[in-house]
Amino acid sequence: MLRWTFHNPVEVTFGEDALDRLPAVLGARTAALVTFPEASALGYVARVSRLLGPALAGVVDDIAPNPDVAELSRLHARFRHEFGHCDAIVALGGGSVLDTAKVLSVDAPTGGFPELARLLAKGVAFVPGGVKALIAIPTTAGTGSEVTPWATVWDREAGRKYSLHLRETWPEAAIVDPRLSASAPRALTLQSGLDALSHSLEAIWNVNANPVSDSLAVSAARRMRATLPDLVEKLDDSRLRSEAALAALEAGLAFSNTRTALAHSISYEMTLRHGVPHGIACSFTLPLVLGRAIGTRPDRDAVLARVFDVPLARAPDELAAWLERLQVSTEFTSYGVTAEESRVLVESALAGPRGRNFIGATPG
Ligand SMILES: [Fe+2]
C-alpha cells in the first residue's frame, strides 16, 4: 500500500465576521499590519486598529502587486527599522500582500535583505536569523497563500521568478472572512476564482497528490465551478462570496501539500513576458493541460472524473466552453503568443520545477 503524509500547521478560522477573532489569535503580542493601499478607504485599517488597540504598532499599506526583489529590498529594510520590535505581522490583502508579508516575516541568517535575495535566487532553504509570527487574512478568494508556506517573488530585471519556502514561512493562523472580499470588483473576483480552480486541478494531476489532497481538490474544483459564473454576475451575494472563499481555502489546503504543476509553470512566462494577470495566466491552459493529463494514470483519471459531470473524454471541451462563457480565451494567440511559440513555451514549462510535478511530464 502506498504511504503518504499530509501536513498543514495553519490554524484556520472561517466565517462571516471571523475577523473579530483577531485579538484572540494575536493574544498578548504586538503586531504590525501589512496591507494594500485601498485598505484604509475600505475601512479595514480602522477595523483592525479598533480590534487590536495598543497591540497594533503601526501600518504598512504601500504593498505593490507582484512583489519584486528591488522593491522588497527597500521595504524589508524600512520594516526592520520601524517594526523590528514587533512579535507578529497581521497581513490583510490578496496574494501579493500575503506573499510580501512572508518575506518580511523572516530575516536572512546573518545579514540584511541582499543576503536574503541571494538565497532566494539560489532557491536553497536556510535557517532565518529572526522570525515573526504571521497571521494571514485574505481579502480575495483565490491565492490560498494563507495556508501555504510559499511566497512568489519576481525579479523583473533578471526576468525570473523565485519562490521563498521555509518551515518558518507557514502562517501561524489564517482568518478567512468572506465579507472581506465583498468589495472586490468583477475582474479581480474572476481572476482570483480561476486561480483557485487552477490550484485545485493542479493538485490532482500532480505526482505529489494523496487521498486527502484529492478530497479537498475535488471539493474545491466542483464548488468553484458551480459558484464563479453566478458570483461574477452577483458580486454582492454573500452566500456566493462564502462559497468562493471556501473553495479557495480548500484548494489552498490541497496544493499546500502537492505544490502546483504545469498550468502554473506555463503561467510564470505568460506573466513575466506577456503581462497576463496570474489568475488568467494559470487558468487559460487548464483545458489543454487536462487533455494531456487524461489517460496518463488511471488513478488520476478516477479523481478527475469526480470533478466533471460529463465523461472525462469530453471534460477538456466542457472546461474550455465554461472558460469562454466567462470571456476567458483558451487560445495562446489571444495573449500574443503564436502557435509555434506556445509549443516551445509548454515544453520548457514541463522541464521547470513546477512542470515536473505534472503527471504527464515523465513517462509512466
Ligand atoms: Fe496560483
Side-chain angles (χ1 to χ4, degrees), residues 8 10 65-67 91 93-103 136 138-154 160-165 169-171 174 176 181 184 187-206 208-209 213 216-217 220-221 223-225 228 244-290 319 323 326 328 330 335 349 352-358:
N8 192 300
V10 184
N66 304 318
S96 297
V97 166
L98 302 191
D99 284 10
T100 298
K102 285 177 187 171
V103 177
T139 56
T140 59
T143 160
S145 184
E146 67 277 12
V147 288
T148 77
W150 311 303
T152 297
V153 175
W154 304 87
R160 293 182 59 194
K161 169 249 166 201
Y162 309 131
S163 181
L164 175 67
H165 173 205
T169 47
W170 285 98
V176 184
S181 63
L188 180 60
T189 302
L190 175 66
Q191 289 163 19
S192 306
L194 293 176
D195 189 22
L197 178 65
S198 183
H199 295 157
S200 62
L201 293 174
E202 297 253 271
I204 298 174
W205 52 56
N206 198 302
N208 304 312
S213 64
L216 289 161
R223 196 183 303 279
M224 192 55 91
R225 274 167 32 91
L228 198 54
L246 182 53
L249 174 66
E250 290 172 316
L253 290 167
F255 94 103
S256 74
N257 275 248
T258 63
R259 301 187 170 216
T260 53
L262 180 56
H264 273 70
S265 190
I266 294 169
S267 83
Y268 301 131
E269 190 76 2
M270 295 301 294
T271 298
L272 262 176
R273 308 242 179 269
H274 302 280
V276 182
H278 178 70
I280 304 296
C282 71
S283 63
F284 83 97
T285 57
L286 288 175
L288 171 90
V289 179
L290 176 60
L319 183 55
L323 285 163
L326 288 167
V328 175
T330 55
Y335 305 96
R354 297 293 182 266
R356 291 196 296 273
N357 292 335
F358 178 57

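Counting starts at 1 for both ligands and their atoms, following the listed order. Quick note: numbers below take in every heavy atom, side chains included, and nothing from hydrogens, waters or symmetry partners.
- Angle NE2 (H199) to the Fe ion (ligand 1) to NE2 (H264): 90°, rounded to 10°.
- Within D195, the N, O or S atom at minimum distance from the Fe ion (ligand 1) carries the name OD1.
- In this structure, K161 contributes its side chain and T271 its backbone to no donor-acceptor pair below 3.5 Å.
- Among the backbone and side-chain atoms of C282, none of the N, O or S atoms lies under 2.8 Å from the Fe ion (ligand 1).
- In terms of modelled atom types and a separation under 3.5 Å, the side chain of N357 and the main chain of N206 share no donor-acceptor contact.
- How far SG of C282 is from CZ of R354: 13.0 Å, rounded to the nearest 0.5 Å.
- A donor-acceptor pair under 3.5 Å is formed between the side chain of T169 and the backbone N or O of P149.
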